[in-house]
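Predicted model, so just to flag it, every value in this text is computed and none were measured. Remember, it's 1-based here, ligands and their atoms both numbered in the order they're listed.
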Amino acid sequence: PGGGHALTLRGVTKRYGTLTALDDVDMTIAPGEIVGLLGHNGAGKTTLMSIVAGLLRPDAGQVGVLGRDPARQPHEARRLLGLAPQELGLYPPLTVRQNLLFFAELAGLRGAAADRRVEEVAEPLGLTGLLGRRAARLSGGEQRRVHTGMALVHRPPLLLLDEPTAGVDVQTREQLLAMVRAMAAEGTAVCYSTHYLPEVEAMDGSVAVLSEGRMIANGTLKELVGRYGDSGIDLTFS
Ligand code: ATP
């Protein structure tokens with residue numbers, strides 16, 4: 001599977017006991033495309049990203065990350081994607097620089113190349129002045145930014161950002177959105193979950209709406225507003 005897409009999901013179903021968290025979900029993301037994944041709490045957004053990242057196995061259906069199946073080829077698929085999970089996973093005793101370097105080195109960068117990449121990632125995230133600070137002493141929004149940096153340090157062709165703007169101030173949010181747009185312009189495919197439709201609009205993204213595990217709408221914002229504008233489907237998610 002793949003067909004030139006960065007990400008394909010076909011009939012993906014995931015159950016937790018009797019609860020169906022994802023129900024027969026189809027989705028594709030092309031290189032350079034940004035898809036805003038919207039849905040209320042519990043709609044299945046995190047479950048979808050965890051399956052794509054190979055952290056969970058679907059009960060049915062297929063996933064392709066540039067043609068690799070994360071369930072069968074976890075290492076290959078993992079190298080092709082960057083995941084910034086909702087749960088923050090910084091190592092508190094290390095500085096911001098050390099946290100980012102750890103991921104740069106995991107990706108095979110060494111010495112000056114790794115240092116340079118850390119600086120490159122830190123700048124648009126507004127982290128340059130914080131590189132020497134221990135992660136334990138960062139605010140929630142600062143941690144969120146470092147976390148995003150960790151996901152993109154190895155320049156993955158597919159970026160999965162699970163609510164990257166939760167708890168982030170307005171200015172940083174703008175910077176983050178600009179950086180995501182710039183990465184997409186260079187060909188990175190982005191799956192971005194949020195509760196705020198205006199963010200997806202600001203990024204010129206397509207929209208995928210999950211409701212109780214079902215993909216109820218998928219397309220450009222214009223198409224969705226045209227189709228659902230009068231239908232009473234709530235597109236605000238706030
Ligand atoms: P949020 O916006 O709150 O982050 P979400 O859209 O990311 O929500 P998920 O975290 O994917 O939603 O959860 C989907 C459903 O699956 C929810 O009903 C949740 O309670 C349930 N769920 C998630 N993880 C588990 C688990 N490990 N065991 C049992 N149920 C789970």
A student checking ligand 1 against Ala43 at a 4.0 Å heavy-atom cut-off should list atoms 5 (P), 6 (O), 12 (O)
With a 4.0 Å heavy-atom cut-off (strictly under), which part of His195 contacts ligand 1: side chain, backbone, both or neither? side chain
Heavy-atom side-chain proximity of Glu142 to Arg133 below 4.5 angstrom: yes
Is there side-chain contact between His195 and Asn41, with heavy atoms separated by less than 4.5 Å? yes
Give the residue and atom name of whichever protein heavy atom lies nearest to atom 13 (O) of ligand 1, and the separation in Å to one decimal. Thr47 OG1, 3.9 Å
the protein heavy atom lying closest to atom 12 (O) of ligand 1 turns out to be Gly44 N, 3.2 Å
Identify, for atom 2 (O) of ligand 1, the protein heavy atom at the shortest distance, and state residue, atom and that distance. Lys45 NZ, 2.7 Å
What is the distance from atom CG of Leu131 to atom CG of Leu101, rounded to the nearest 0.5 Å? 9.0 Å
Asp59 and Thr13 side chains, donor-acceptor separation under 3.5 Å: no
N or O contact, Ala21 vs ligand 1, cut-off under 3.5 Å: no
Pairs of nitrogen or oxygen atoms closer than 3.5 Å, one from Gly42 and one from ligand 1: do any exist? yes
How about Val180 and Ile34: do any of their side-chain heavy atoms sit closer than 4.5 Å? yes
If I compare all heavy atoms of Val25 with all of Gly213, which pair ends up nearest, and what's the gap? CG2-O, 3.4 Å
What residue and heavy atom of the protein are closest to atom 3 (O) of ligand 1, and at what distance? Asn41 ND2, 2.8 Å
Is atom 20 (O) of ligand 1 less than 4.0 angstrom from at least one protein heavy atom? no
Do Arg173 and Glu199 touch side chain to side chain, with heavy atoms closer than 4.5 Å? yes
Identify, by atom number and element, the atoms of ligand 1 in contact range of Gln86, meaning under 4.0 Å from any of its heavy atoms. 4 (O)
For atom 10 (O) of ligand 1, grab the closest protein heavy atom and report residue, atom and distance to one decimal in Å. Thr46 CB, 3.6 Å
CG on Asp23 to NZ on Lys14, rounded to 0.5 Å: 14.0 Å
Is it the side chain (CB and beyond), the backbone, both or neither of Leu19 that lies under 4.0 Å from ligand 1, heavy atoms counted? side chain
Among all protein heavy atoms, pick the one closest to atom 28 (N) of ligand 1 and tell me residue, atom and distance. Tyr16 CD2, 3.6 Å
Inspect the contact between Arg117 and Glu120 and indicate whether a charged nitrogen and a carboxylate oxygen are less than 4.0 angstrom apart. yes
